[in-house]
Trainee: 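Sharing a structure with you now.
The first residue in the sequence is number 1, and the count goes up from there. Predicted, not measured: the structure shown is a model, and the values here were computed from it.
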Amino acid sequence: TLSCLPGARPCIPKDFGHGSPVCVCNATYCDTLDPLVLPAPGSYVKYESSKAGKRLERSEGRFQSSLRTPGSATGGWRCHRGTPRHRGLSRAPPAGLLLTLNISALYQHVKGFGGSLSDAAAMNILKLSQPAQDNLLRSYFSESGIEYNLIRVPMACSDFSVRPYSYDDVPNDYELKHFRLADEDVKMKV
């Protein structure tokens, strides 16, 4: 099994021959995570997945306080991912990723995290047994899963639809008198 958080149900990997394992989620089993807890101020928690087999592997670190953020007169926080031996924070320049946060500049609020429910995704979910559907949706939306709280539903068809369709194909129908949801929306997504 792949590594997981203590107390969580581990990923049971399955490889479909493409060199990238996926976690088994079926009617009787689905891997879980421990509930997410906000880190203390000045620290971070990182979850990493990789083609090599990491599946939401958890690590922690502390941001390095900086009196000046590059390009700013105010302070900020810096962290970096260095080489495997020197992972975390240090005074030496990082060998990998350098992330600089300017905590005085706020651009937007994050409302949540989620994914897209396309026709293809809905069709595949509906092909599962009811217990498998329940486990899958729990793995996305529950506290023992990844806690999605948003879903994006495409308007009409997309490149993940099995046919082209729209909601109103009548020319010049500006009042949308002929607007209708498609069967894909009514039966699979709404």
Trainee: Crowded around F160 CZ? As in, over 12 foreign heavy atoms under 6.0 Å?
Mentor: no
Trainee: I want to check something: taking the side chain as every heavy atom from C-beta on, are L33 and R55 in contact at a cut-off of under 4.5 Å?
Mentor: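 Of all side-chain heavy-atom pairs linking R55 with L33, at least one is under 4.5 Å.
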Trainee: Applying salt bridge (charged side-chain N to carboxylate O under 4.0 Å, His left out), can you list everything that pairs with E60, at least two apart in sequence or on another chain?
Mentor: R58
Trainee: Can a donor-acceptor pair be found, under 3.5 Å and without considering hydrogens, that links the side chain of S49 to the backbone of L56?
Mentor: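 Yes: the side chain of S49 pairs with the backbone of L56.
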Trainee: Within a strict 4.5 Å, meaning less than it, do heavy atoms of the L136 and D134 side chains meet?
Mentor: no
Trainee: Can M155 be reached from L176 by stepping across I, L, V, M, F, W or Y side chains whose heavy atoms are under 4.5 Å apart?
Mentor: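 L176 and M155: one cluster.
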Trainee: Assess whether atom CD of Q130 is packed by more than 12 heavy atoms of other residues, nucleotides or ligands within 6.0 Å.
Mentor: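 Above 12, so yes.
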Trainee: List in chain and number order the residues that pass salt bridge (charged side-chain N to carboxylate O under 4.0 Å, His left out) with R152, two or more places apart in sequence or in another chain; answer none if no residue qualifies.
Mentor: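 None.
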Trainee: With sequence neighbours left out, write down each residue that passes disulfide bond (SG atoms under 2.5 Å apart) with C25, or none if nothing qualifies.
Mentor: C30
Trainee: With a cut-off of 6.0 Å (strictly less than), are more than 12 heavy atoms of other residues, nucleotides or ligands near CD of E143?
Mentor: no
Trainee: Treating T32 as the side-chain partner and R9 as the backbone partner, does any N or O pair qualify as donor plus acceptor under 3.5 Å?
Mentor: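 Yes, T32 side chain to R9 backbone: donor-acceptor pair under 3.5 Å.
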Trainee: Can you name the nearest heavy-atom pair linking G112 to N149, along with the distance?
Mentor: CA-OD1, 3.1 Å
Trainee: Step by step, work out the side-chain contact (heavy atoms from CB on, under 4.5 Å) result for E184 and M123.
Mentor: CA-CA 9 Å; E184 286 84 348; M123 290 185 328; over 6 Å; no
Trainee: Please determine whether side-chain contact (heavy atoms from CB on, under 4.5 Å) holds for the pair F141 and E147, giving the CA-CA distance in whole Å, both sets of side-chain angles, and the decisive distance to 0.1 Å.
Mentor: CA-CA 4 Å; F141 298 102; E147 298 189 53; over 6 Å; no
Trainee: Can you name the residues that form a salt bridge (charged side-chain N to carboxylate O under 4.0 Å, His left out) with K189, not counting sequence neighbours?
Mentor: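 Expected list: D119, D185.
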Trainee: Answer yes or no: is there a side-chain heavy-atom contact under 4.5 Å between M188 and L117?
Mentor: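 SC-SC contact between M188 and L117 ruled out.
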Trainee: Quick check: do P154 and S116 have side-chain heavy atoms less than 4.5 Å from each other?
Mentor: yes
Trainee: Quick one: side chain to side chain donor-acceptor pair (under 3.5 Å) partners of Y148, sequence neighbours excluded?
Mentor: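 With neighbours one apart ignored, the set is empty.
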Trainee: Is a side-chain N or O of S161 found less than 3.5 angstrom from the main chain of C157, in a donor-acceptor match?
Mentor: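 Checking the backbone N and O of C157 against the side chain of S161, no donor-acceptor pair under 3.5 Å is found.
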Trainee: Side chain of D168, backbone of R180: donor and acceptor closer than 3.5 Å?
Mentor: no
Trainee: Between L150 and L137, is there a shared hydrophobic cluster once you connect ILVMFWY residues whose side-chain heavy atoms come closer than 4.5 Å?
Mentor: no
Trainee: Can E57 and K46 be said to form a salt bridge (Lys or Arg N to Asp or Glu O under 4.0 Å), step by step?
Mentor: CA-CA 8 Å; E57 185 177 290; K46 176 181 76 170; over 6 Å; no
Trainee: Following the transitive rule for hydrophobic clusters with a side-chain heavy-atom cut-off under 4.5 Å over Ile, Leu, Val, Met, Phe, Trp and Tyr, establish whether V186 and Y167 coincide in one cluster.
Mentor: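 In one cluster with V186: Y167, yes.
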Trainee: For residues 10-21, which side-chain N or O atoms pair as donor and acceptor with protein atoms under 3.5 Å away, sequence neighbours left out?
Mentor:
residue : atom : partner : partner atom : Å
D15     : OD1  : G17     : N            : 2.7
D15     : OD1  : H18     : N            : 3.3
D15     : OD1  : G19     : N            : 3.4

Trainee: Rounded to the nearest 0.5 Å, what separation is found between the CG atom of D183 and the NZ atom of K187?
Mentor: 4.0 Å
Trainee: Are L126 and L181 in one and the same hydrophobic cluster, where Ile, Leu, Val, Met, Phe, Trp and Tyr link if side-chain heavy atoms are under 4.5 Å apart?
Mentor: no
Trainee: Look only at the side chain of S43 and the backbone of A40, and say whether a donor-acceptor pair between them is shorter than 3.5 Å.
Mentor: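 Side chain of S43 to backbone of A40, a donor-acceptor pair under 3.5 Å: yes, one is there.
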Trainee: To the nearest 0.5 angstrom, please state how far the NE2 atom of H178 sits from the CG atom of D173.
Mentor: 5.0 Å
Trainee: Do Y140 and I146 touch side chain to side chain, with heavy atoms closer than 4.5 Å?
Mentor: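 Counting from C-beta outward, Y140 and I146 do come under 4.5 Å.
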